[in-house]
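In each ligand, atom 1 is the first atom listed, and ligand 1 is the first ligand listed.
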Amino acid sequence: MKKTIIVTGGAGFIGSNFIFHMLKKYTDYRIICLDCLTYAGNLSTLMPVMDNTNFRFVKESITDRDAVYKLFEEENPDIIVNFAAESHVDRSIHNPEVFLDTNIKGTAVLMDACRKYGIQRCHQVSTDEVYGDLPLDRPDLFFTEDTPIHTSSPYSSSKASADLLVLAYHRTYNLPVTISRCSNNYGPYHFPEKLIPLMIANALNDRPLPVYGEGLNVRDWLYVEDHCKAIDLIIHQGRIGEVYNIGGHNEMRNIDIVKIICKELGKPESLITYVTDRKGHDMRYAIDPTKIHNELGWLPETKFADGIKKTIQWYLDNKEWWETIISGEYQNYYKKMYGNR
Ligand code: NAD
Ligand code: TYD
């Protein structure tokens with residue numbers, strides 16, 4: 001059946017991949033991207049779908065109550081999927097405030113709009129970082145949906161706060177919500193401040209590859225398309241009021257990822273530079289995806305060995321996309337983050 005879906009944050013990494021997935025799969029759905037285009041939002045990413053008559057782009061902030069209410073009046077959405085967020089841990093350590101505004105207050109504004117105008121499904125895209133971290137010497141431990149919230153950074157705290165609000169709106173107002181908590185994503189259109197695209201861009205420019213601490217921290221990497229497919233399943237078939245963890249049991253140490261990138265690009269490992277560790281750096285993330293597998297039949301489809309090759313090839317084929325990004329304001333960011341490390 002035809003549906004209208006508002007996708008917030010759709011000019012960013014995962015949101016744009018989700019829009020491409022949805023427009024391709026559901027040719028009768030109307031998709032509206034609501035994005036205020038922060039440094040992480042890129043309109044050029046959405047160029048391939050701008051002329052699609054089933055797509056509309058609206059440049060507004062999720063924190064702007066009037067703008068959000070107006071959009072709900074105009075579009076009368078069936079579903080909203082909230083990707084809009086400040087998403088980088090390092091930036092949250094330098095300046096937490098905007099994380100509280102966007103990630104917490106913005107989420108509340110969206111849910112207020114859902115209450116006011118009605119909605120079939122309000123889906124919150126969250127993160128495994130709300131569970132804090134796991135020790136390296138306990139490979140038997142994984143995050144389940146029942147793992148207590150125990151955050152480390154201003155970023156993860158803001159996402160956890162939003163999750164608690166979403167669950168409270170369900171219990172108090174009976175809002176039809178779902179939440180997904182995914183592990184680290186990688187793939188096309190990933191902003192080059194995050195580990196994998198930053199290392200690819202630096203390696204291609206023969207610049208140092210700044211590994212925090214000893215590079216032993218472990219992340220559970222998932223190809224972005226697999227995340228999008230999981231959200232697609234949850235918004236259509238997930239049980240209301242439920243949290244679903246998403247991850248593909250692909251734990252890897254940062255240093256090993258960086259070495260793979262060097263190898264794939266034919267660059268020397270001597271580019272690797274160990275720099276001062278991130279404050280409060282989480283050691284290990286590892287998702288137990290049993291619930292989404294058992295209830296919705298979801299399984300990751302892309303193996304890391306293939307996904308990383310596809311990702312690297314995408315950055316080689318789309319140099320203009322990331323070179324434009326790293327030639328602007330990004331230079332100031334880079335000096336501030338890495339200058340004295
Ligand atoms: P991103 O930083 O690439 O994109 C965020 C997008 O949100 C940008 O287009 C930005 O312009 C937009 N945005 C920011 N503030 C806004 C506001 N006030 N109003 C409207 N739009 C705004 O982020 P991402 O990596 O694509 O992450 C998307 C979501 O997925 C986030 O909620 C993040 O917490 C979550 N998540 C990310 C990962 C990951 O590995 N990247 C993993 C799990 C969960
Ligand atoms: P990141 O991509 O920022 O994701 P997150 O912090 O949300 O997991 O970082 C992934 C891992 O890579 C994390 O352990 C920090 C590390 N890292 C580096 O070692 N060097 C870098 O320049 C960056 C950006 C990250």
Practice task
Considering heavy atoms of the protein only, find what lies nearest to atom 24 (C) of ligand 2 and give residue, atom and distance to 0.1 Å.
Solution key: E193 O, 3.2 Å

Fill in the blank from the handout: Counting heavy atoms under 4.0 Å, the part of Y285 that contacts ligand 2 is side chain

Handout entry: Numbered atoms of ligand 1 (with element) below 4.0 Å of L37, judged on heavy atoms
Key = 11 (O)

Exercise for the section: Provide the number and element of each atom of ligand 2 under 4.0 Å from a heavy atom of H281. Expected result: 13 (C), 14 (O), 15 (C)

Problem - Test item, F83 contacting ligand 1 (heavy atom, 4.0 angstrom) - result: yes

Problem - From the candidates R341, R278, R91, the one that places a heavy atom nearest atom 9 (O) of ligand 2 - result: R278

Problem - Any donor-acceptor N or O pair under 3.5 Å, side chains E301, Y223 - result: no

Practice task
Evaluate the side chain to side chain contact (heavy atoms under 4.5 Å, CB included) criterion for residues Y186 and K194: first the C-alpha distance (whole Å), next the side-chain angles of each, then the deciding distance (0.1 Å), finally the verdict.
Solution key: CA-CA 9 Å; Y186 67 101; K194 305 283 170 62; over 6 Å; no

Exercise for the section: May I ask you to identify the nearest protein heavy atom to atom 43 (C) of ligand 1, giving residue, atom name and distance to one decimal place in Å? Expected result: C182 O, 3.4 Å

Problem - Side-chain touch V89/S156, heavy atoms, less than 4.5 angstrom - result: no

Problem - Student check: side-chain heavy atoms of H170 and I240 closer than 4.5 Å - result: yes

Handout entry: Location of contacts on L195 toward ligand 2, heavy atoms closer than 4.0 Å
Key = both

Exercise for the section: State, with a plain yes or no, whether a side-chain heavy atom of L71 is found less than 4.5 Å away from one of Y117. Expected result: no

Practice task
State, without any angle test, whether D282 and Y285 hold a side-chain donor-acceptor pair at a distance under 3.5 Å.
Solution key: yes

Practice task
Run the numbers for me: atoms of ligand 1, each under 4.0 Å from some heavy atom of Y155, listed by number.
Solution key: 33 (C), 34 (O)

Exercise for the section: Note the single closest protein heavy atom to atom 44 (C) of ligand 1, along with its residue, its atom name and the distance in Å. Expected result: S126 O, 3.0 Å

Problem - atom 25 (O) of ligand 1 - nearest protein heavy atom and its distance - result: F13 CD2, 3.7 Å

Practice task
Around atom 9 (O) of ligand 1, find the nearest protein heavy atom and jot down its residue, atom name and distance.
Solution key: D35 OD2, 2.6 Å

Fill in the blank from the handout: Checking heavy atoms under 4.0 Å, the part of D282 that sits near ligand 2 is neither

Fill in the blank from the handout: Residue, atom and distance of the protein heavy atom nearest atom 5 (C) of ligand 1 read A85 O, 3.5 Å

Handout entry: Atoms of ligand 1, numbered as shown, that sit under 4.0 Å from any heavy atom of A11
Key = 9 (O)

Handout entry: Test log, rule side chain to side chain contact (heavy atoms under 4.5 Å, CB included), inputs R219 and M252
Key = CA-CA 6 Å; R219 298 292 182 262; M252 297 188 67; over 6 Å; no

Exercise for the section: Return yes if a side-chain donor-acceptor contact under 3.5 Å exists between H190 and N185, otherwise no. Expected result: no

